[in-house]
Amino acid sequence: MATPLSQTPSSPLTTIAVVGLGTMGIGITEVLAKAGREVVGIDISEAATAKAVAALEAATARAVERGRLTEQERADVLARVRTSTDLQAAADADLVIEVAPESYEIKHQIFRELDGIVRPETILATGTNALSVTRLAADSARPERVLGLHFFNPAPAMKLVEVVSSVLTAPTAVTAVTNLALDLGKEPVAVGDRPGFVADGLLFGYLNQAAAMYEAKYASREDIDAAMRLGCGLPMGPLALLDLIGVDTARTVLEAMYAESHDRLHAPAPILKQLSEAGLTGRKSGRGFYTYEAPGSATVVRDALTPLDGAALTPGREVRSVGVAGSGTMASGIAEVFAKAGYEVVLAARSEEKAQTAKARIGKSLSRSVDKGRMTAEAAAQTLDRITAAGSYESFAEVDLAVEAVAEDLEIKQQLFATLDKVCKPGAVLATTTSSLPVVACARATSRSQDVIGMHFFNPAPAMKLVEVVRTVLTAEDVHSTVREVCGRIKKHAVDCGDRAGFIVNALLFPYLNNAIKMVQEHYASLDDIDAAMKLGGGYPMGPFELLDVVGLDVSLAIEKVLHREFRDPGLAPAPLLEHLVAAGCLGRKTGRGFREYARR
């Protein structure tokens, strides 16, 4: 009689069956075979198994060309893989990894058949990212041996593996697959059973918000994607990523998440249903949010929605000199950007001393650029000479463009715009760098609302390429054209959006950060596991808690409150844990403690 799984030591899992030879199944097969495992690849048709073998042969041939495998190693890898169209081929497996389509009925059928085929101690793993592992386990003859093993696409390249336990899973099974993941060179993260787990649980809410933003015609698909790449350092924009994942797959995941959470942020945007039902599922069909050269191609081609190159804008106003209001890091960074581009810059603050301090900060920044070989000492000196520090906004009398970068407080900004209205010459463009306040409220503090626009730079302004150009319903067309032209001259990528809370980047970024906090608050996963999951599984340059501590928890809370107030969505309510930390004075790196503690400098 076989020993119960809960009493056996973790096995080395030397023979592994992979059921479902789509893109993910083929990738997992490659990873396992390269790590020395005997692999049985199983699918329902000879065509599918032949396609899998061909893909594996091509992938290993590329590895030889790149010097990552020898010809002998390639031959050994291919020899370790056999394929079948019969689930009976899994009879001798120590572990079965199921990566069939995201359908509970299909997966349930596979698991029910496997119950009668595999040995009692064989571990059964599902690769689902949306369905309940617990439900699959409960329907199994031996629920203690069932768990989730969620790889990320492409499996050979992506380091993250989520190991998903249900309340029924035996600890020895978890240990065995965790050790396997480590042996494969992956980074396993232990998570509980809820739709999306950690990485997709956070990622798909963000993708859904982006789809809804596009559907509302708030911004173009190109601008949404560029904003998130350039504003957050993401490898892909959300709409391009939806096309890569599959619009139908995203809809399935979101429906499962919504069924559990009833959070409106997870209710699939209607456009996902419309595209799915029209067969426009993304790259695999050749068309989704974008149009591709052919089904399966990554090459985007022009379609009716593609912006025309050099599309004619209303002629802009001439800008030779720029005024920058403020004395903080953002103000000095913006002044540096304009001066580097050849503009004469007036940097004005509430006192001469503050303005001079801000100019000195620019001098240090330019010196660092010289030390790093990014500019010559002569160019740095000329740049600094183009900046005039002033202790009064009266010095903006002749500027063509005035950009305010003062405190993120509406009353302070409105007072400043009332002052700019008095001191700036007729026809001067007045811009606010606000990241969360209504631009129109600044405009209404002047007698020339048509001349006011948002220019949301990102910190640090000299390094970050993105500027969100925010038009109000009152902004004149030539003012918009002027700012777009100026963005080109200062070598920034401009994206257009309307005047609503968060614009593009913050409206998509902060709900994602808030949801990460809720995961910790609910004891679903640790800070470290969530940060690792998003960096390794989502390609984020920083995990959400690293980013929150850098941005500042007080700043993050203020933006969350603005988004919640504007959109009235309960899912956007700031997580209580964030409010508690801010109330305790734990604001992130700047105070030495936020979600983590930092050494005092």
Side-chain angles (χ1 to χ4, degrees), residues 13-66 68-69 71-103 106-107 109-111 113-114 117-118 122-129 148-158 161 177 180-181 184-186 244-246 248-249 281-286 294-298:
L13 306 180
T14 54
T15 301
I16 299 171
V18 177
V19 180
L21 296 176
T23 303
M24 182 61 81
I26 293 168
I28 293 171
T29 298
E30 179 183 340
V31 171
L32 292 168
K34 283 180 176 175
R37 285 348 192 242
E38 295 293 323
V39 186
V40 184
I42 303 171
D43 210 311
I44 56 174
S45 71
E46 294 283 359
T49 58
K51 181 180 176 184
V53 170
L56 188 59
E57 288 174 346
T60 51
R62 287 193 298 272
V64 171
E65 287 171 16
R66 294 167 183 169
R68 293 172 184 165
L69 287 178
E71 281 290 358
Q72 183 57 53
E73 287 168 337
R74 177 180 184 244
D76 292 343
V77 167
L78 295 174
R80 282 194 284 271
V81 178
R82 59 191 172 90
T83 60
S84 176
T85 57
D86 188 351
L87 270 181
Q88 288 287 342
D92 295 327
D94 304 306
L95 165 69
V96 180
I97 303 173
E98 167 277 312
V99 275
E102 282 292 273
S103 158
I106 292 172
K107 292 179 187 291
Q109 178 67 26
I110 290 169
F111 274 71
E113 289 186 37
L114 286 171
I117 293 171
V118 300
T122 298
I123 298 170
L124 303 181
T126 173
T128 184
N129 64 347
L149 196 57
H150 181 213
F151 287 79
F152 287 74
N153 203 16
M158 300 296 278
V161 174
V177 297
L180 171 68
L184 298 177
K186 303 298 183 184
L244 175 62
I245 292 167
D248 52 341
T249 301
T281 54
R283 284 191 191 181
K284 59 189 174 187
S285 70
S297 171

Which pair of heavy atoms, one from [X] and one from [Y], lies closest together, and at what distance?
X      : Y      : answer
Met24  : Ala155 : SD-CB, 4.0 Å
Ala125 : Leu149 : CB-CB, 3.8 Å
Ala90  : Ala17  : CB-CB, 3.8 Å
Ala93  : Thr122 : O-OG1, 2.9 Å

Report the C-alpha separation of Val19 and Glu113 in whole Å, then their side-chain angles, then the decisive distance to 0.1 Å, and conclude whether the side chain to side chain contact (heavy atoms under 4.5 Å, CB included) test is met. CA-CA 12 Å; Val19 180; Glu113 289 186 37; over 6 Å; no
What's the separation between atom CG in Asp94 and atom CG in Leu180, rounded to the nearest 0.5 Å? 10.0 Å
Can you tell me how far CZ of Phe151 sits from CG of Asn129, rounded to the nearest 0.5 angstrom? 13.5 Å
Test side chain to side chain contact (heavy atoms under 4.5 Å, CB included) on Thr128 and Glu102; report intermediate values, then the result. CA-CA 7 Å; Thr128 184; Glu102 282 292 273; 2.8 Å; yes
Can any side-chain N or O of Thr281 pair as donor or acceptor with the backbone N or O of Asp248 at less than 3.5 Å? no
Please tabulate, one pair per line, all N/O donor-acceptor pairs under 3.5 Å involving side-chain atoms of residues 28-39, not counting sequence neighbours.
| residue | atom | partner | partner atom | Å |
| --- | --- | --- | --- | --- |
| Thr29 | OG1 | Gly25 | O | 2.8 |
| Glu30 | OE2 | Lys34 | NZ | 2.7 |
| Arg37 | NE | Leu13 | O | 3.0 |
| Arg37 | NH1 | Ala35 | O | 3.4 |
| Arg37 | NH1 | Asp183 | OD2 | 2.5 |
| Arg37 | NH2 | Pro12 | O | 3.3 |
| Arg37 | NH2 | Asp183 | OD2 | 3.0 |

Could you list the residues that satisfy side-chain contact (heavy atoms from CB on, under 4.5 Å) with Glu71, not counting sequence neighbours? Val64, Arg74
Which side-chain N or O atoms in residues 40-50 pair as donor and acceptor under 3.5 Å with protein atoms at least two apart or in another chain?
| residue | atom | partner | partner atom | Å |
| --- | --- | --- | --- | --- |
| Asp43 | OD2 | Leu21 | N | 2.8 |
| Ser45 | OG | Ala48 | N | 3.0 |
| Thr49 | OG1 | Glu46 | O | 2.9 |

Are the side chains of Glu57 and Leu78 in touch, meaning some heavy atoms are under 4.5 Å apart? yes
Give a yes or no on whether Asp92 atom CG has more than 12 heavy-atom contacts from other residues, nucleotides or ligands under 6.0 Å away. no
